[in-house]
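Reading through the structure tokens given below for one structure.
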Amino acid sequence: MKANMVQALNNALALELESNPNLVVLGEDVGIDGGVFRVTDGLQTKFGKNRVIDTPLAESAIIGTSIGMAAFGLNPVAEVQFSGFLYPGFDQLISHAARIRNRSRGRFSCPLTVRSPYGGGIKAPEHHSESMEALFIHTPGLKVVVPSNPTDAKGLLTSAMRDPDPVVFFEPLRVYRAFREEVPDEQYTIPLGQAKVTQQGNDLTLISWGSMFRTSMEAVQQIAENEKYSIEMIDLRTLSPIDWPTIHSSIQKTGRCVVVQEAPLTLGLASEIMARVMEKNFLHLKAPVQRVTGFDTIMPLYKLENYYLPNAERVKEAIRKAMAF
Amino acid sequence: MKANMVQALNNALALELESNPNLVVLGEDVGIDGGVFRVTDGLQTKFGKNRVIDTPLAESAIIGTSIGMAAFGLNPVAEVQFSGFLYPGFDQLISHAARIRNRSRGRFSCPLTVRSPYGGGIKAPEHHSESMEALFIHTPGLKVVVPSNPTDAKGLLTSAMRDPDPVVFFEPLRVYRAFREEVPDEQYTIPLGQAKVTQQGNDLTLISWGSMFRTSMEAVQQIAENEKYSIEMIDLRTLSPIDWPTIHSSIQKTGRCVVVQEAPLTLGLASEIMARVMEKNFLHLKAPVQRVTGFDTIMPLYKLENYYLPNAERVKEAIRKAMAF
Amino acid sequence: MPLTKIADFGVSRLSILDENGKADEKLLPKLTNPQFLDLFTWMTLLRIFDDKALKLQRQGRIGTYASSLGQEACTVGSAFALKPQDWTFPTFREHGMFFVRGTPIVKVLQYWGGDERGSQSTSDVNCFPVSIPVGSQPLHAVGCAMAMQLKKKDAIAVGYFGDGGTSEGDTLEAMNFAGVFQAPVILICQNNQYAISEPRSLQTRAQTIAQKAIAFGFEGIQVDGNDVLAVYKATLDAAEKARAGKGPTLLEFFTYRMGDHTTADDSTRYRTKEELEMWRKKDPILRLRMYLMAQGILFPQMEEKIIAECVALVEKGVSDYENMPAPQPSDMFDYLYKEMPPALAEQKRNFLSFLSTQKNNAQPNKTEGPGFP
Amino acid sequence: MPLTKIADFGVSRLSILDENGKADEKLLPKLTNPQFLDLFTWMTLLRIFDDKALKLQRQGRIGTYASSLGQEACTVGSAFALKPQDWTFPTFREHGMFFVRGTPIVKVLQYWGGDERGSQSTSDVNCFPVSIPVGSQPLHAVGCAMAMQLKKKDAIAVGYFGDGGTSEGDTLEAMNFAGVFQAPVILICQNNQYAISEPRSLQTRAQTIAQKAIAFGFEGIQVDGNDVLAVYKATLDAAEKARAGKGPTLLEFFTYRMGDHTTADDSTRYRTKEELEMWRKKDPILRLRMYLMAQGILFPQMEEKIIAECVALVEKGVSDYENMPAPQPSDMFDYLYKEMPPALAEQKRNFLSFLSTQKNNAQPNKTEGPGFP
Ligand SMILES: Cc1ncc(C[n+]2csc(CCOP(=O)(O)OP(=O)(O)O)c2C)c(N)n1
Ligand SMILES: Cc1ncc(C[n+]2csc(CCOP(=O)(O)OP(=O)(O)O)c2C)c(N)n1
Ligand SMILES: [Mg+2]
Ligand SMILES: [Mg+2]
């Protein structure tokens, strides 16, 4: 089928609701409204109010009750309406979802997926556009996934829903309806923890995820017109756990690296990539790893958001800097 | 006076309550009980229930009402009983304390200090021992401070209480009563954002903060017995904003660096230090920066906590590795 | 001592003007004729503004917008009962409150136009800025009220939230703190029957929102939220009580959101025409209009004049908004801290110098359309 | 339609055994003599355990410990009313519940001895593990109850919390979800009058905790928490109601924490001897003992035997605990994910190989003494 990311996610949910009787979808407006971005459109009509549950407006309770459900035989897929609204549920995620397996020495577990639209670029009001994935990557016990296209979105969400541990699944808002592509009709999974090398290259490794993958692609296409760099592109897809072997072996080949993230600079995921690259590939590095990031400031209201977000120009500048070093 | 860190902090609070009529202390058990670690001991008796306020057991409300107070002329100093209990108040910190100045284009501000005991090493039960400072360092709009000794604790807390912006002030549990030292009687401040070079050296820069500063000291003392490395020690003290010039100029001199943190490895502050060092001092580096950290796992209950915490042996190993590279 | 009743509670509802504009004379608040007309004028202005804002959004001149159509009495009546020194803490549906308290229309448009300067408001208007996380705002009102109490100021605080907002732990914690500290605060729930698509019945099993105050040991009252006189009186009474040191009040304004949740919403997905029609009859402006006409306070010519003035004010606001110079990229950095940390200043410098190398400082990203639920 | 009463609510208190051990016969639950004796035995065991645990803590053989002295009726009576398939969600003061439901003493000691394996409990005992963040646990109970409901299981969930816990937003959100989904759950507040140093009056202005249920549209009852028969009956009734699909109940067990908050606390700082003396007279064990003696169900010789058996059980638990091999450093890594991610496996490998270079795998840090509030 031809599908944008919203449709691909909807399809993944529908197929999994069909095949796993223990799967329940819950959240604010996920029922008759189909979610404010329509990712759960039509699911309640098809699967009923016991499977697709409109909850009161309380993120901590959505995640907290999901933990209870997950420990007792269900596979909850909780929607948090924007990633900025994960914070009220932060304690439940950190102190419980991420810990119950460890706390109970494996007796209980939390096969929970928390879906949340994230990132900027759609003129949303405040608290709807930031990219705070680092908070969850830093938290032991969680997994974190960010797809960059409809096909990956479907396969990764299916894996997340089947994962025995809690997964925070971020859906880049800017990609939701940005394009459609051919997505397989049947159910399939894309394993968590595996990055995708979407383009081979020898001069430089370009790492990104989510909407920044598209921005990076744009930069690479533009730069290819004049400069003849051979760039290896990695779409990280899973941010926790990270596919380090793919990153390291690429850098061992290229010796140069640029990381692009929408998140603030300080302690965004790029920092960890730079740290590990230094640890493992110090002698392979021909230039310091460059990063293109949001700023250490609040994601602005929409009149300025396109200044905040990394764009192809900034990525190209970083590539040139790495190449020129 | 001779004081341990608890006493030095108590003294800082008492002096500031005395000199600033707008300062209020609030939190769970801060009143007659003097706080569960006695940091606020005696303050309610001396300054009354309007200045030292026992609140209901609700961290989000403690921080949320503090924001209201701070915007309207008070300087609240909120105590959160252990840093693991900051999570229920996370949304108020991230979405409001850190943002109100920016959101209102400077019309409102949040001169709030959130004090919280943090870190391991005192056999506390779960959720009482982790070191999650990275979450707050990553959040734009907050400042983060961790003192390593009574004298700094007093001066830094006084600065934090006078800072026009929200400060998360972490008090390393393990240092609270670990030792006493001569602390000046009078009020004084130590500026936020300034690291302290506690020992000059030429071979290696050793960066740490809080209780890990003492662990690092121990390692340096032990290693000095046989190996004649000249180690420059930096006690970071403020983790946001960081004193980059001090770090960079030290590394430009030494070319080698070890960072020691109690926090989990992935996206702990060491990652950011490594990233910036790579960006600014790539050509000065004689070896990859080494880090000694907690693990990417939950801080264990107390029978295993000393395995989790970095110790002098692990720090020495990292120093040797950096020197041997 | 077997099963013994140990406590009793009740919840009341205040209503003054009925749907036909007939007033309960005993409860009628003491207002002068100009004041009655003010209430009418503010509600009219708000409705005209709302209508205009929806058009601006459709034309792409502002972003996602949250209309308060049908709820005019709630924000206008409550703000009208306050003193200038009082402080109000809005969510995102209290434009009426902003106007009544003196905020220029241009500021409200700026906010919805994605320009941070709209949130600065004006320094003589005692409103906290709009913020979006549902349920998080009432705590600020309670904190402000505690500050007023501690500093012995003759000011109270008012925190607004929606029916959906009552499900958030923060709102409930705010009620609890208000009760414990007997803070001079009014907690106002605009119960407009919906939180986006979810009807009130999905938020809570309680029959009323007002009864939530019982859990925290203070008074809660349900008020006909489409009756501006009841809203005004309930707020005034609660404000007097707070000012007298007698603690907080929870006011449930029972009303209805006549429009979509925001311009990003389509309410036909989840509610019926019949329901809308039923509520249309309870229109708060119509109701006051009937009363004022019957009393001879308002008459058609005067109404026309009021409407024309309101239209002109709104048009002025729109042109002020559109003539406003664009916000500067450097604004992103300048208001985070009182003193900018050096490393942030470096980020700013680098970015501005990068921008200066770009054609016309262009923002090369395309933004892909509004999406605010 | 002026100010109209639109809703009425009441709160009741259940009490069966008075302070002199006299029972209200009409309310007396139907229990066999062995069951009466079981209640007595469990409470006795719990008290002996508590006493022992305090000693172990002082000797440094376990860490900080939270005693439940004085609250024995609450956890024993409520757990006794449940079926094995039901699920319980404790805070950190429900040792009695763990024992009654079948948890070996050694497990409870392991937890307080800083050994994660204590939280694993045993696989046939339906208890969630202890966890410390106040107020965060009731949501798990509600989620479990929703799962039971959706999966049409004949099981209910019970969530415990303290009077302090009622101030946390999470507890209140749990109540709200319980009401909205009519979840088969019992929310039990052990109102022991203190949250560390803060008396109940600082937590909430509400006269009772029970009335908090009114905010969420279901029933709340206050129960004499030092009366094990009232606790048992209230729990049994609420459980039957939940099982019948009639929704949640909030039970406020009105009791008193006779000991310090934990071994890290000194309660003489904040409360009077007189208060303690007053509550000592309401001792839950004494009260049941008087009743059972008067009924001829218990007599001195039998009591001695029960005590001796409890002492032996506790001693056995202690020796099991002390003979338990130490947890392994590798345990830190092994239970985080079902499948260990490669980078974590690398951390583990590196650490274990580092340890193997150390003398006797020593933990070279000193731990600087307990500090659990
Ligand atoms: C914490 C949080 N969760 C979710 C949202 C998304 N959201 C915006 S408005 C809204 C509904 C609010 O309903 P209500 O409180 O009744 O206010 P109303 O919109 O009816 O004025 C939701 C779910 C949000 N802004 N904040
Ligand atoms: C979220 C959170 N904040 C603070 C604490 C520290 N703390 C541990 S127990 C306690 C008091 C709890 O009081 P209550 O709920 O009445 O239970 P009790 O101890 O009386 O059984 C506090 C403040 C905590 N564990 N969790
Ligand atoms: Mg609403
Ligand atoms: Mg208590």
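Within every chain, numbering begins at 1; the chains are lettered A, B, ... in the order of the sequence lines, protein sequences first and strands thereafter.
Proximity of a side-chain donor or acceptor of Q290(B) to a complementary backbone N or O of I319(B) within less than 3.5 Å is not detected. R214(B) contributes no side-chain N or O that, together with a main-chain N or O of N149(B), makes up a donor-acceptor pair within less than 3.5 Å. Judged purely by atom type and a 3.5 angstrom limit, Q261(B) uses its side chain to pair as donor or acceptor with the backbone of L269(B). A distance-only check finds no donor-acceptor pair linking the side chain of K273(D) to the backbone of T268(D) [under 3.5 Å].
Contacts of residues 335-348 of chain D with chain B at a heavy-atom distance below 4.5 Å involve L336(D), L344(D), Q347(D), listed in sequence order.
Between F37(B) and Y176(B), the ring-plane angle classifies as tilted under the 30° and 60° cut-offs.
For a residue to count as touching a neighbouring chain, one of its non-hydrogen atoms must lie under 4.5 Å from one of that chain's; by this rule S136(D) does not touch chain B. Interface residue F354(D): only side-chain heavy atoms are found under 4.5 Å from chain B. Looking at Y87(B), there are no atoms closer than 4.5 Å to chain D (heavy atoms on both sides), in backbone or side chain. Both the backbone and the side chain of E28(B) come within contact range of chain D, each with at least one heavy atom under 4.5 Å from a heavy atom of that chain.
A donor-acceptor pair shorter than 3.5 Å cannot be found between the side chains of Y160(D) and Q137(D).
Contacts with chain B were tallied for R269(D), E116(D), Q203(D); R269(D) has the most, counting heavy-atom pairs under 4.5 Å. Among T297(B), D29(B), D296(B), I298(B), the residue with the largest count of heavy-atom pairs under 4.5 Å with chain D is D29(B). Per-residue counts of heavy-atom pairs under 4.5 Å with chain B were compared for G169(D), S119(D), S197(D); the largest is that of S197(D).
Between R257(D) and D265(D) a salt bridge is recorded (basic side-chain N to carboxylate O distance below 4.0 Å).
Considering CD1 of I223(B) and CZ of R320(B), their distance stands at 4.5 Å, rounded to 0.5 Å.
Qualifying salt bridge (Lys or Arg N to Asp or Glu O under 4.0 Å) partners for E272(B), counting only residues two or more places apart in sequence or in other chains: R291(A), R276(B).
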